Number of protein chains: 2
Amino acid sequence: MRISAKADYAVRAALELAAAGEDTSVKAEVIAGAQGIPHKFLEGILGDLRRGGLVASQRGGKGGYRLARPADTISIAEVIRVVDGPLVSVRGVRPPELSYRGPAESLLPLWIAVRANVRKILGEVTLAEVAAAKLPGDVLGLAEDPEAWTNP
Amino acid sequence: MRISAKADYAVRAALELAAAGEDTSVKAEVIAGAQGIPHKFLEGILGDLRRGGLVASQRGGKGGYRLARPADTISIAEVIRVVDGPLVSVRGVRPPELSYRGPAESLLPLWIAVRANVRKILGEVTLAEVAAAKLPGDVLGLAEDPEAWTNP
DNA sequence: TATTTTCCCTACTGGAAAAATAGGGAATGA
DNA sequence: TCATTCCCTATTTTTCCAGTAGGGAAAATA
């Protein structure tokens, strides 16, 4: 299960905007510099976020990007969906469209359970929480277990 | 977050072997037919599983593949790791190797939490359970919620 | 021993998607 | 009018995924 560079970049850019405040415009170039993201690539991503209704933009001298809604109403899942489509997919198709035969039949509910769990986390955590380094208690609980930081 | 065809195929092949029983050999061709997987592609995957110590093979007339260990000691996570490497990665690198700056710093514990959650599910569910359509209670609980089956 | 069966190994290919680049046009503010 | 910045389209480059091809090695059978 791989999270794309695009999704990672999009979330980081949104976090920069969240940190700047809802009514401060930040230039793409500045975000790119702060997060080490290729400038032109980031412009494309910010375009996706704008078309998705998550950010607003302003051209010209004092232009830039800002969040279109308060940071505590935008979940990480929303950001990822806007730039990458479905949150979880198997062979490129989302779980409900899959069909399995024989002993593999129960694989479908298993993928559904995985997706539900991912949604639960990324859907409840907001840009405001991450930007302020104040993750919800249940998420923090998962991340605090030293076991979670070890590789298999 | 995408699960590759290779991982999906590997799990389904392993489930066929689990259903056949630990000491029954099944030919690659038969598994391919039963699950609709390209034969030669599947052979490569079964090779990975063998090198990973999950299946044993036998050449010749009555040959085929079988599980190297009891089906209730092999988790879905193990199967995926053997063919695909790390269970969860961001831009191709596993979470502990990431580093974030500024307001994105708390992204790291977030990815860790997501990974911990995925591990929790795929690490506890075994081939035996899926093959017998007897998922653990907590997983079934997640999958039974009608909400989990709807697309955003 | 000869033959069939099946796994085993290496290489390779086509194509799509991911990641990034390039260049100029259209607003905006000074 | 001019510098700035977003905006749009196209192109490139790279990488990896999914699948194919062909033959060699081992085992069972006859």
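The basis for the numbers below is simple: all heavy atoms, side chains too, and nothing from hydrogens, waters or symmetry mates. Model, not experiment: these values are computed from the prediction.
- In this structure, the CG atom of D48(B) is 15 Å from the P atom of dC7(C), given to the nearest Å.
- For the 3.5 Å distance criterion, the side chains of S4(A) and D84(A) qualify, holding a donor opposite an acceptor.
- Between the P atom of dG23(C) and the NE2 atom of H39(A) lies a distance of 15 Å, rounded to the nearest Å.
- Rounding to whole angstrom units, CG of residue L42(A) and P of dC8(D) are separated by 15 Å.
- Remark: C1' of dT5(C) and CD of E29(B) are 12 Å apart, rounded to the nearest angstrom.
- Here the nucleotide nearest the side chain of R59(B), chosen from dT21(C), dC17(D), dC7(C), is dC7(C).
- For A28(B), the side-chain atoms get nearest to dC7(C) when compared with the rest of dA28(D), dT20(D), dC7(C).
- Within the 4.0 angstrom heavy-atom criterion, base atoms lie near E43(B).
- Nearest-nucleotide positions on DNA chain D place G47(A) closer to the 5' end than the other of S4(B) and G47(A).
- For the pair Y65(B) OH and dT5(C) P, the computed distance is 17 Å after rounding to whole Å.
- Closest to the side chain of K27(B), out of dT6(C), dC6(D), dA27(D), is dT6(C).
- At dC8(D), one or more side-chain N or O atoms of R50(A) fall inside 4.0 Å of OP1 or OP2 (strictly under the cut-off).
- Salt bridge present: E78(A) and R69(A) bring a charged side-chain N and a carboxylate O closer than 4.0 Å.
- In this model, the phosphate group of dA18(C) is not approached by any side-chain N or O of K6(A) to a distance below 4.0 Å at OP1 or OP2.
- Nearest-nucleotide positions on DNA chain C for Y9(A) and G60(B) put G60(B) closer to the 5' end.
- For the residue pair K62(B) and S25(B), the shortest heavy atom distance occurs at O-CB, 4.2 Å.
- Across dT21(C), dC7(D), dC7(C), the shortest atom-to-atom separation from the side chain of F41(A) is found for dT21(C).
- At whole-Å resolution of the value, CZ in R66(B) and C1' in dT6(C) are 15 Å apart.
- In this structure, CD of Q58(B) is placed 14 Å from C1' of dT29(D), rounded to the nearest angstrom.
- Heavy atoms of G64(A) sit under 4.0 angstrom from primed sugar atoms or phosphate atoms, though from no base atom.
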Query raised in the report: Does the pair T73(A) and L127(A) meet the rule for a side chain to side chain contact (heavy atoms under 4.5 Å, CB included), with working shown?
Result: CA-CA 8 Å; T73(A) 69; L127(A) 290 175; over 6 Å; no
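- Considering only side-chain N and O atoms, S57(B) lies under 4.0 angstrom from the phosphate OP1 or OP2 of dC8(C).
- Among all heavy-atom pairs drawn from L135(B) and V130(B), the shortest one is CD2-CG2, 4.0 Å.
- Whole-Å rounding puts the I45(B) CD1 to dC7(C) P distance at 14 Å.
- Toward the 5′ end of DNA chain C lies the nearest nucleotide of R2(A), the other residue of the pair R2(A) and K40(A) mapping further downstream.
- Across all strands shown, R51(A) has heavy atoms under 4.0 Å from sugar-phosphate atoms exclusively, and none from any base.
- For the pair A143(B) and I112(A), the tightest heavy-atom approach, listed with the atom from each and the gap, is CA-CG2, 4.3 Å.
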